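Being a predicted model, the structure only gives us computed values, none of them experimental. By convention here, the first residue in the shown sequence is residue 1.
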Amino acid sequence: MPVFNRTRFLVGVLFMTSFCGSTNSLAASASQPEKFTNTHIEYKTTWRDMWKVTKAYFRDNRDAATPTFDIPVSTLTPQMLDAVAEDSVIKLGHSTTLLKLSERYILIDPVFSERASPVQWMGPKRFHQAPISLEDLPKLDAVIISHDHYDHLDKGSIEILKNKVDVFITPLKVGNHLRDWGVDANKIVELNWWQSTKVNGIEIVATPSQHFSGRGLFDRDETLWASWVIKSSNTNIFYSGDSGYFDGFKTVGEKYGPFDLSMIETGAYNELWSDIHMQPEESLQAHIDVQASVMMPVHNSTFDLALHNWNEPLIKITDLANAKGVPTSIPIFGEIVPVKSAGEAPNKTWWLDER
């Protein structure tokens, strides 16, 4: 008999309320429209679709929605970060990632709060602590935000970070949230798809993704969503943000590839919302499409945001990648990974309970 779980049901409610209120058909224009749209699909959700999601969450009977053992975390210190000489990437949780490129620090989608939720007393709760506190992070040259959903844009984290970040780089209108939370408007750069900016010699390009936006009942698609190209003098990295699979990945690869590393969304998927989140086989294809050497799956193993077991994304993607001979890098949270050698070290399969 399935057991009702209010946290999992809240996730379903958040999905449903976000689905309401608009359709997608054309690309966002440079004039910042009232509603942003995707390039490849007309994304519609009916009350019938919402009922399917509701039933799926009420019937949830997974045996491993959350870990049954402590997820390993490698503690980071400011001294350890200072000592990093090579261009490196460090997964801190979910999609939160710290890059050190050309001696500059860039933080992606910082979520350090206990829950990815509008409230901290209910909603998806962290499986593990962050490897480093917000207070111990070094001064950041840039923070990149992919879109405004709660598992990527965390008000509590932004309020603590705002005075130690040189520039916040967001898709169009996401900066409105930051200004509301006290971030200096002069520190915010908002980009449309295919627009770019430079931070101390590092090029950062907003590229399309297939998703949606909104943090409440009435703001659906009022801010843009994006994937990102991050290019230093030595390293080229692609971050997918959240996305369904679409031909845009091939276009990114043609324009900006090849990449040394792709950080591709691999998790929180379901056939009920496959237009906006990729299945593992689609995540692998996105990696191939952008012409990346090594794949680092992100968007997993920190919050319960879907109806699969917590470690299913990593089990599936490693099997798929091994079958196609694609190198993957799935480090322990907090592990420092040099980008140029990311595919050389064997994965430790920390997501399996091997006690």
Side-chain angles (χ1 to χ4, degrees), residues 74 76-112 130-134 136-147 152-154 157-158 161 164-171 187 189 191 196-207 226-241 252 256-266 287 290 292-299 302 328-343 345:
S74 180
L76 281 171
T77 66
Q79 294 75 23
M80 292 168 66
L81 293 173
D82 286 343
V84 174
E86 299 178 72
D87 282 4
S88 296
V89 57
I90 309 162
K91 287 183 65 177
L92 302 181
H94 194 55
S95 294
T96 303
T97 309
L98 181 64
L99 305 178
K100 189 173 184 182
L101 306 177
S102 302
E103 298 296 316
R104 304 293 183 173
Y105 290 103
I106 297 174
L107 184 61
I108 297 173
D109 285 350
V111 177
F112 285 74
I132 189 170
S133 69
L134 286 164
D136 283 344
L137 282 172
K139 187 175 182 298
L140 300 168
D141 294 84
V143 165
I144 297 173
I145 305 294
S146 64
H147 63 297
H152 295 262
L153 178 58
D154 174 28
S157 296
I158 297 298
L161 284 171
K164 66 189 309 178
V165 177
D166 286 346
V167 61
F168 290 85
I169 303 170
T170 78
K187 287 186 171 186
V189 174
L191 300 177
S196 65
T197 189
K198 281 196 173 183
V199 177
N200 295 318
I202 298 171
E203 184 179 16
I204 300 171
V205 187
T207 47
S227 58
W228 296 90
V229 173
I230 306 162
K231 187 172 184 178
S232 73
S233 58
N234 300 313
T235 301
N236 198 18
I237 295 173
F238 175 72
Y239 170 48
S240 70
V252 170
Y256 294 102
F259 294 94
D260 299 294
L261 180 75
S262 74
M263 300 186 296
I264 303 286
E265 176 214 72
T266 312
H287 162 84
V290 300
S293 296
V294 180
M295 178 182 181
M296 181 175 285
V298 297
H299 203 256
T302 299
T328 58
S329 178
I330 311 177
I332 291 170
F333 292 115
E335 184 178 349
I336 299 169
V337 179
V339 175
K340 293 294 187 179
S341 57

Colleague: Is there a side chain to side chain contact (heavy atoms under 4.5 Å, CB included) between W228 and I169 once you walk through the steps?
Modeller: CA-CA 10 Å; W228 296 90; I169 303 170; 3.7 Å; yes
Colleague: Does the distance from a Lys or Arg side-chain N to an Asp or Glu carboxylate O, for K340 and D87, drop under 4.0 Å?
Modeller: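 Salt bridge between K340 and D87, a charged N being under 4.0 Å from a carboxylate O: no.
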Colleague: Considering non-hydrogen atoms only, spot the tightest contact between I204 and L191 and give its length.
Modeller: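 It is O-CD1, 4.1 Å.
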Colleague: Considering non-hydrogen atoms only, spot the tightest contact between S227 and S240 and give its length.
Modeller: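 That closest heavy-atom pairing would be CB-O, 3.3 Å.
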Colleague: I'd like to know if the side chain of N236 and the backbone of Y256 have a donor-acceptor N/O pair within less than 3.5 Å.
Modeller: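 Judged by distance alone, yes, a pair lies under 3.5 Å.
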Colleague: How long is the span from the OG atom in S102 to the CD1 atom in I202, to the nearest 0.5 Å?
Modeller: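 It is 5.0 Å, given to the nearest 0.5 Å.
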Colleague: If you round to the nearest 0.5 Å, how far is CG of D260 from CG of N234?
Modeller: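 These two atoms lie 9.0 Å from each other.
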Colleague: Measure the CZ-CG distance between R104 and D166 for me, rounded to the nearest 0.5 Å.
Modeller: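 Atom-to-atom, R104:CZ and D166:CG are 8.5 Å apart.
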Colleague: How close do K91 and P131 get, heavy atom to heavy atom, and via which atoms?
Modeller: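 Shortest heavy-atom contact: O-CG, 4.2 Å.
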Colleague: Hey, does I330 have a side-chain heavy atom less than 4.5 Å from the side chain of P297?
Modeller: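 P297 vs I330: side chains touch.
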Colleague: Less than 4.5 Å apart, side chain to side chain, heavy atoms only: is that true for I237 and L101?
Modeller: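 In contact.
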Colleague: Mind listing the closest non-hydrogen atom pair of P171 and I145 along with its distance?
Modeller: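 Where P171 meets I145 most closely, the heavy atoms are CD-O, 3.0 Å.
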Colleague: Please name the pair of heavy atoms, one in L107 and one in F112, separated by the smallest distance, quoted to 0.1 Å.
Modeller: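 Closest approach of L107 to F112: CD2-CE1, 4.4 Å.
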Colleague: Using side-chain heavy atoms (C-beta onward) and a distance below 4.5 Å, is I108 in contact with M263?
Modeller: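 SC-SC contact between I108 and M263 confirmed.
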Colleague: Please evaluate residues H94 and V111 with respect to the criterion side chain to side chain contact (heavy atoms under 4.5 Å, CB included), reporting the C-alpha separation (whole Å), side-chain torsions for both, the decisive distance (0.1 Å), and the verdict.
Modeller: CA-CA 8 Å; H94 194 55; V111 177; 5.9 Å; no
Colleague: Quick one: CG on D82 to CD on E103, what's the gap to the nearest 0.5 Å?
Modeller: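 Between D82 CG and E103 CD, I get 9.0 Å after rounding to 0.5 Å.
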Colleague: Test your reading of the model: is there a side-chain donor-acceptor pair from K164 to the backbone of L134, 3.5 Å cut-off?
Modeller: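 Side chain of K164 to backbone of L134: a pair is present.
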Colleague: Could you go through I90 and L81, starting from their C-alpha distance and side-chain angles, then the distance that decides it, and tell me whether this counts as side chain to side chain contact (heavy atoms under 4.5 Å, CB included)?
Modeller: CA-CA 10 Å; I90 309 162; L81 293 173; 3.4 Å; yes
Colleague: So do the side chains of T77 and D136 get within less than 4.5 Å of each other, counting heavy atoms only?
Modeller: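 Answer no - side chains too far apart.
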Colleague: Please report the shortest heavy-atom distance between E86 and P338, naming the atom on each side.
Modeller: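 Residues E86 and P338, closest heavy atoms: OE1-CB, 3.8 Å.
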Colleague: Can you classify the ring geometry of F259 versus F238 as parallel (below 30°), tilted (30 to 60°) or perpendicular (above 60°)?
Modeller: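 Answer is tilted, since the angle falls between 30° and 60°.
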Colleague: Between F333 and T302, is any pair of side-chain heavy atoms under 4.5 Å apart?
Modeller: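 Counting from C-beta outward, F333 and T302 do come under 4.5 Å.
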Colleague: Run the side chain to side chain contact (heavy atoms under 4.5 Å, CB included) test on V205 and V252 for me, step by step, so that the C-alpha distance in whole Å, both residues' side-chain angles and the decisive distance to 0.1 Å come before the verdict.
Modeller: CA-CA 10 Å; V205 187; V252 170; over 6 Å; no
Colleague: Between D109 and S146, does a side chain to side chain donor-acceptor pair (under 3.5 Å) hold up when you go through it step by step?
Modeller: CA-CA 7 Å; D109 285 350; S146 64; 2.8 Å; yes
Colleague: Atom CG of L261 and atom OG1 of T235: how far apart are they, to the nearest 0.5 Å?
Modeller: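 The distance works out to 9.0 Å.
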Colleague: Measuring from Y239:OH to H299:NE2, what's the distance to the nearest 0.5 Å?
Modeller: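 Here the rounded value is 7.0 Å.
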